[in-house]
Number of protein chains: 2
Amino acid sequence: MIEARHLRVLRAVARGGSFSAAARALGCTQPAVSQQMKALEAAAGTPLLVRGPREMRLTQAGEALVRHADGILAGLAAAEEEVAAIAGLRAGRVRLASFPSGTPTLVPGAVAEMRERHPGTEVSLVEAEPPASVDLLRAGDCDITLAFRYPDLPTPAEESWDDLVVRPLLADRLVGVVPRGHALAGGGAPVDLAALAGERWIAGCPRCRGHLVEMCERVGFTPRIDFATDDYPAVTGLVAAGLGVAVLPRLALESVRSRGVAVVELRPAVHREVVALTLPDLAQVPAVDMMLARLTRAALGRA
Amino acid sequence: MIEARHLRVLRAVARGGSFSAAARALGCTQPAVSQQMKALEAAAGTPLLVRGPREMRLTQAGEALVRHADGILAGLAAAEEEVAAIAGLRAGRVRLASFPSGTPTLVPGAVAEMRERHPGTEVSLVEAEPPASVDLLRAGDCDITLAFRYPDLPTPAEESWDDLVVRPLLADRLVGVVPRGHALAGGGAPVDLAALAGERWIAGCPRCRGHLVEMCERVGFTPRIDFATDDYPAVTGLVAAGLGVAVLPRLALESVRSRGVAVVELRPAVHREVVALTLPDLAQVPAVDMMLARLTRAALGRA
DNA sequence: CTCCACCATAAGCATTACTTAGGCTTGCCC
DNA sequence: GGGCAAGCCTAAGTAATGCTTATGGTGGAG
């Protein structure tokens, strides 16, 4: 089997005209070159060089091999360069999956920073809610998934993240959203969740809805849910119209401006944990690692 | 440094989808593949594979490397094939240099046999007299030189063949050429060279002329040379016209038909040694070696 | 829940590759 | 003409590399 090393040596000999010159060019000793050439000629089954007293000439087979060597080594160099570019963050692609309220808040800053510091890299984004977005990750369709979970809720077995790298980003406090002018809106003091037992409710995504119900039941009531939508502007709009109250994560409210609502702290204080997920192997990929760092930094800014 | 072996392994893994499958395809064990990939990833500086529980996926860097690998390995295979063709006599070129009387006698049969047995090979021919033709060989401008020397003449130092491979082909007897009807022509018995002391002489090439003079002086006379030409038909023509006698090698007479001359054996019997010369390294080249064998065989047919 | 297929690691072994040291040839220069 | 320098080869020792067997851990399928 001919190896790239052999071709490098042969080419150096052909260029330099002597084993010694080749050895100098390759940064090794002359016997090393001599032995490599011997091995290569053995592999070739025919002499590749004619040792003249004054110079070293190629045989026909040697010429053929040198002719191919240039192309082969050029291809190898190109391959190495491409990989080195990815390893050195001069290139590389990161495919991000994010849940809706993370997309306008955490992602833009992180991506901008990434693009600024490593202009060769590319970041693509797809929106998906946690259970599905984690599947994207496992299926190899994305590299980083932004997801969240409620730490006070038991995790179903099929949603375990044990096999993933979990990078915590921030604890996203849940707050109450009530119509402006609501009785509990004014104080600035935390509002007991139980105090909202009699209200009508606007719930969020299925997960959030489940969590809301659980949370309420812990303090002794079952919320009466009139609407459920994962469209946050819709939620605040409904609340502003006086159709009910809601519990939303702070992150969701950051990018949703609604004039007709008031935001109140809740008691007991609960939060959802926002994390970045990736596969263990992908965490070693420089662009992915760097993107995780940028996301962490972006989250820090809003902790 | 990325080696071809690494790419072979990586490609096998990409094709097979698992280390085990790759190992089977490559004819080695699974840990061997595992270790090679580890080394390759270390060289690359970034993961190349994502170990999923069910299948093995490539990272972006891995894809890049596999993409290049096909071209690189194809080039390598082409190079190996070309060299193997030369080594296996399915291709290859032999550049022959021959002296004039060897060209029409030894060369055609040998070349024909070569072409028949190894159709892919090519033989080219250039005509040159011994001192110059050996220089061609040393300068790398031919691969085999047909040459001759007079074993009873001391060899000048600058014409030594000590650094060459000398393959004896045949001993080419020298014979006398006299006009038909000459007094010494009839008998069929060997003619003493001394008996030709009084004749006028037609000499051959400079070397042959020198040898003739030396030979004659050894038996006690200096030949009176009227003409000297390396054109054998001219020599026999001059002899046939009764302008003198000549001494020619048998080989030269084989391809020169002249009706007006008689050929007589000489005493003392002398000959020139016809040899094939090549460089030690070139003798290892299959096509050259085979051509030498064919030349030897062709010479045997006329020994 | 047990078996099977797969991967990782460790340890041992064989091969390979490189080094230093020394000897030979050749061409060159005093 | 006799060193001298440059270049190649071989030998021997050493370091690195690659492959093997053996073993343990893990996820998926019957």
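Chain letters run A, B, ... following the sequence lines, proteins first and then strands; every chain starts at 1.
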Rounding to a whole Å, what distance do you find between [X]:[atom1] and [N]:[atom2]?
| X | N | atom1 | atom2 | answer |
| --- | --- | --- | --- | --- |
| B:Arg5 | D:dG18 | CZ | C1' | 7 Å |
| A:Gln36 | C:dC18 | CD | P | 5 Å |
| B:Leu26 | D:dG18 | CG | C1' | 14 Å |
| A:Glu3 | C:dC18 | CD | P | 12 Å |

Residue-level proximity of residues 39-52 of chain A to DNA chain D when a heavy atom falls under 4.0 Å: A:Arg51

field: Close approaches to DNA chain D from residues 7-16 of chain A, in residue order (heavy atom, under 4.0 Å)
entry: none

statement: Here the side-chain hydrogen bond (donor to acceptor under 3.5 Å, both in side chains) pairs for residues 73-85 of chain B, sequence neighbours left out, are A:Arg67-B:Glu82, B:Glu81-B:Arg90

- request: Please determine, for the side chain of B:Thr29, which listed nucleotide (D:dT20, C:dT20, C:dC6) has the closest atom?
  value: D:dT20

query: C:dC6, C:dC18, D:dC19: which one has an atom nearest the side-chain heavy atoms of B:Ser20?
result: C:dC6

With [X] via side chain to side chain contact (heavy atoms under 4.5 Å, CB included) - residues at least two apart:
| X | result |
| --- | --- |
| B:Arg11 | B:Arg15, B:Asp70, B:Leu73 |
| B:Glu122 | none |
| A:Asp163 | A:Arg138 |

- prompt: So, for B:Leu295 and B:Ala276, which heavy atoms are closest and what is the spacing to 0.1 Å?
  reply: CD1-CB, 4.5 Å

field: B:Cys28 versus B:Val33, closest heavy-atom pair with distance
entry: SG-CG2, 4.0 Å

query: So what does A:Met56 hit on the nucleic acid, given a heavy-atom distance under 4.0 Å: a base, only sugar-phosphate, or nothing?
result: sugar-phosphate

message: B:His68: which residues meet the ring-ring contact (aromatic ring centres under 6.0 Å, His included) condition with it, sequence neighbours left out?
response: none

- request: Name all residues meeting the ring-ring contact (aromatic ring centres under 6.0 Å, His included) criterion together with B:His6; count only those two or more places apart in sequence or in a different chain, and write none if there are none.
  value: none

task: If a pair satisfies ring pair (Phe, Tyr, Trp, His ring centres under 6.0 Å) and one of its residues is in residues 78-99 of chain A, list it, with sequence neighbours excluded.
output: A:Phe99-A:Phe148

Please write out the pairs of protein N or O atoms and N or O atoms of nucleotides 9-12 of chain C separated by less than 3.5 Å, giving the distance to one decimal.
| unit_1 | atom_1 | unit_2 | atom_2 | d |
| --- | --- | --- | --- | --- |
| C:dT9 | OP2 | B:Lys38 | NZ | 3.2 |

query: Who pairs with A:Arg209 by salt bridge (charged side-chain N to carboxylate O under 4.0 Å, His left out), at least two apart in sequence or on another chain?
result: none

Could you tabulate the donor-acceptor pairs under 3.5 Å formed by side-chain atoms of residues 123-133 of chain B, not counting sequence neighbours?
| unit_1 | atom_1 | unit_2 | atom_2 | d |
| --- | --- | --- | --- | --- |
| B:Glu127 | OE2 | B:Thr103 | OG1 | 2.5 |
| B:Ser133 | OG | B:Glu129 | O | 3.2 |
| B:Ser133 | OG | B:Pro130 | O | 3.0 |

